[in-house]
Amino acid sequence: MDLTKSKEFIETGILATPKKPYDWVVRRISHLCVVGRGRVISNEDIAQNPGIYPVYSSQTENNGELGKIATYDFEGDYLTWTTDGANAGTVFRRSGLFSCTNVCGTLKIKNNLEVDIDFLNYALSVQTKFFVRKDINPKLMNDVMAGIKVILPSIKLQKTLANYLDHETAKIDTLISAKERLLDLLTEKRQSLITNVITCGLNPDVPMRDSGVEWIGHIPKHWNIKRIKFLIHGIDTGFSPQCYNFPAQEGEWGVLKTGCVNGGIFNPQENKTLPPEIEIPLEIEVKKDDILMSRASGSTDLIGSVALVENQPNERLLLSDKIFRLRLNTEISDANFFVITMGSLIIRQQILQFVSGAEGLANNITQSDIRELLIPIPPIEEQIKMVSFIKEKISTIDTLSQVALKTINYLQERRTALITAAVTGQVKVTA
């Protein structure tokens, strides 16, 4: 049974159960908690007032620590949630002394004899996403959070269920971590193979020479080292109007998100639907064989990601102001070779030297920086052979990576289902 689509859930906002426990009670969050909000904290606040107290913000992965500051706003045990953006509605457990930015809401338990904070954390973690306003800017504001209802057993059973979920989800999280480590190892193996080929070529007996670039090292004697500005005709950029927070359908117009090139693979679903009243700038429409590059990201690992648009998208997609289009001179460089090389360690090391912004904030690389990146260039016929060799060798690695990703997704779904069952009385645990 889909617990989130029942009539009871739609009308009351309570995760419905096939047979609701008779002794569980319904409570609004406003009855259980004091609902608050973080404050505006600028980069300068963190840089100029260093201290020991963490600051949390939705701008960082998993709402992690943004920085430290000399003062704090909250003390004790809290739940926080992301109020704005793609992660709106995500709930986190906090304790100690800390601060939050203005895109975080806070919940302080009023009566610890009525509700256990860990049980409430689990209950909200599978429910809040259904209350996020899904329009141009996803939001879950304080008034909506305050009106959410949860069902509560006795405080003793709440603690028992929370302990049970701690134990069971820890086992699932361990399995997920193992698969994530496998993914990391496969990624390292993939990168090592690519780096070796694009710096040494396919002939182990070819004469080598010093490239003159520390992070590139030795290359075949007949290769060249060129700056990207000599390999491209130009760089295009787009625009970022206010869009709906859902992907465009076939034939509709959408604006690409920065995640569209993550992992070196173009994902056309990473876009936001353009409102119909906005004029379409046709010159920045994305087309087959375009080479796209992310110029900004909250993670330095993703900034500068490059992907090739191998097929014409079914959607009508536009560049955003955070996605560059590199117009490659294909008489000098093969598109596939260029994209593979741009994702290699020798280019990543250069990009990291140019990136501006602190980790977790607005990291950027400029067009002028991109033009100065150094890349090894074999004869184009050799580039094509190298691409064929690399694709054959990494196909097995990519297959294993896809299997690991599917397993992670399954485990995450299993985790959510387990929590849902426990907080709605479907798991028989003795208090």
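Since we're looking at a predicted model, the values are computed, not measured.
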Measure the [atom1]-[atom2] distance between [X] and [Y] for me, rounded to the nearest 0.5 Å.
{"X": "Ile232", "Y": "Arg325", "atom1": "CD1", "atom2": "CZ", "result": "12.5 Å"}
{"X": "Thr101", "Y": "Asp84", "atom1": "OG1", "atom2": "CG", "result": "9.0 Å"}
{"X": "Leu79", "Y": "Ser95", "atom1": "CG", "atom2": "OG", "result": "11.0 Å"}
{"X": "Cys260", "Y": "Leu317", "atom1": "SG", "atom2": "CG", "result": "8.5 Å"}
{"X": "Lys149", "Y": "Ile29", "atom1": "NZ", "atom2": "CD1", "result": "12.0 Å"}
{"X": "Leu175", "Y": "Glu180", "atom1": "CG", "atom2": "CD", "result": "11.0 Å"}

Output yes when a side-chain donor or acceptor of [X] lies under 3.5 Å from a complementary backbone atom of [Y], and no otherwise.
{"X": "Asp236", "Y": "Ile284", "result": "no"}
{"X": "Ser320", "Y": "Leu256", "result": "yes"}
{"X": "Trp215", "Y": "Ile347", "result": "no"}
{"X": "Asn224", "Y": "Lys226", "result": "no"}
{"X": "Ser305", "Y": "Leu302", "result": "yes"}
{"X": "Thr416", "Y": "Gln412", "result": "yes"}
{"X": "Thr273", "Y": "Ala248", "result": "yes"}
{"X": "Gln349", "Y": "Ser344", "result": "no"}
{"X": "Gln350", "Y": "Leu373", "result": "no"}
{"X": "Ser192", "Y": "Glu188", "result": "no"}

Q: Give the intermediate values and the outcome of side chain to side chain donor-acceptor pair (under 3.5 Å) for residues Asp166 and Tyr122.
A: CA-CA 10 Å; Asp166 286 345; Tyr122 281 119; 2.6 Å; yes

How about [X]: does its [atom1] atom have over 12 heavy atoms from other parts shown lying under 6.0 Å from it?
{"X": "Tyr410", "atom1": "OH", "value": "no"}
{"X": "Lys257", "atom1": "NZ", "value": "yes"}
{"X": "Arg28", "atom1": "CZ", "value": "no"}
{"X": "Glu283", "atom1": "CD", "value": "yes"}
{"X": "Arg414", "atom1": "CZ", "value": "no"}
{"X": "Lys171", "atom1": "NZ", "value": "yes"}
{"X": "Lys108", "atom1": "NZ", "value": "yes"}
{"X": "Lys110", "atom1": "NZ", "value": "yes"}

Q: Please determine, by modelled atom types, if Glu382 and Trp223 share a side-chain donor-acceptor pair under 3.5 angstrom.
A: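 On atom types as modelled, these side chains qualify, holding a pair under 3.5 Å.
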
**Q.** Asn87 and Thr82 side chains, donor-acceptor separation under 3.5 Å
**A.** no

Would you check if [X] and [Y] make a side-chain contact, meaning some heavy-atom pair closer than 4.5 Å?
{"X": "Leu97", "Y": "Ile52", "answer": "no"}
{"X": "Gln158", "Y": "Val423", "answer": "no"}
{"X": "Gln127", "Y": "Val150", "answer": "yes"}
{"X": "Arg327", "Y": "Ile235", "answer": "no"}
{"X": "Asp116", "Y": "Asn121", "answer": "no"}

(Q) Between Phe338 and Leu308, is the side chain to side chain contact (heavy atoms under 4.5 Å, CB included) condition met? List the steps. (A) CA-CA 9 Å; Phe338 180 82; Leu308 177 68; over 6 Å; no

Q) Are Tyr78 and Phe92 close enough that their ring centres sit under 6.0 Å apart? A)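 No, the ring of Tyr78 stays outside the 6.0 Å limit from the ring of Phe92, centre to centre.
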
Q) When the ring planes of Tyr244 and Phe246 are compared, do they come out parallel, tilted or perpendicular, using 30° and 60° as the limits? A)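 Geometry flag for Phe246 against Tyr244: parallel rings.
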
Q) salt bridge (Lys or Arg N to Asp or Glu O under 4.0 Å) between Arg415 and Asp173: does it pass, once the steps are laid out? A) CA-CA 8 Å; Arg415 190 182 193 279; Asp173 291 343; 2.9 Å; yes

If you compare all heavy atoms of [X] against all heavy atoms of [Y], which two are closest, and at what distance to 0.1 Å?
{"X": "Leu107", "Y": "Val35", "result": "CD2-CG2, 3.8 Å"}
{"X": "Ile41", "Y": "Ser99", "result": "CD1-CB, 4.1 Å"}
{"X": "Ala88", "Y": "Pro138", "result": "CB-O, 3.9 Å"}
{"X": "Ile419", "Y": "Leu165", "result": "CA-CD2, 3.9 Å"}
{"X": "Asp334", "Y": "Gln383", "result": "N-OE1, 2.8 Å"}
{"X": "Val339", "Y": "Val306", "result": "CG1-O, 3.8 Å"}

Taking [X] first and then [Y], would you say they form a salt bridge - that is, a charged N and a carboxylate O separated by under 4.0 Å?
{"X": "Asp398", "Y": "Arg190", "result": "yes"}
{"X": "Arg27", "Y": "Glu114", "result": "yes"}
{"X": "Asp301", "Y": "Arg348", "result": "no"}
{"X": "Arg316", "Y": "Glu285", "result": "yes"}
{"X": "Glu372", "Y": "Lys229", "result": "yes"}

Q.
Using the rule given for side chain to side chain contact (heavy atoms under 4.5 Å, CB included), can you reason through Arg295 versus Asn364, listing the C-alpha separation, both sets of side-chain angles and the distance that settles it, and then say yes or no?
A. CA-CA 6 Å; Arg295 75 156 181 86; Asn364 293 274; 2.3 Å; yes

Q: Determine, for Phe74 and Arg94, whether the Lys NZ or Arg CZ falls below 6.0 Å from the six-membered ring centre while staying within 45 degrees of the axis.
A: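 No, cation not above the ring by the 6.0 Å, 45° rule.
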
Q: Evaluate the side chain to side chain donor-acceptor pair (under 3.5 Å) criterion for residues Asn102 and Arg37: first the C-alpha distance (whole Å), next the side-chain angles of each, then the deciding distance (0.1 Å), finally the verdict.
A: CA-CA 6 Å; Asn102 61 318; Arg37 186 100 184 249; over 6 Å; no

Q: I would like to know whether Ser401 and Thr187 meet side chain to side chain contact (heavy atoms under 4.5 Å, CB included); could you show each step before the answer?
A: CA-CA 8 Å; Ser401 296; Thr187 299; 5.6 Å; no

Q: Go through Glu315 and Gln269 one step at a time and tell me if the side chain to side chain donor-acceptor pair (under 3.5 Å) criterion holds.
A: CA-CA 9 Å; Glu315 310 84 358; Gln269 288 300 304; 2.8 Å; yes

Q.
The test is side chain to side chain donor-acceptor pair (under 3.5 Å); show your working for Asp321 and Thr237 and say whether it passes.
A. CA-CA 6 Å; Asp321 64 356; Thr237 189; over 6 Å; no

Q: Tell me, with the steps shown, if Leu400 and Leu182 meet side chain to side chain contact (heavy atoms under 4.5 Å, CB included).
A: CA-CA 9 Å; Leu400 292 173; Leu182 174 61; over 6 Å; no

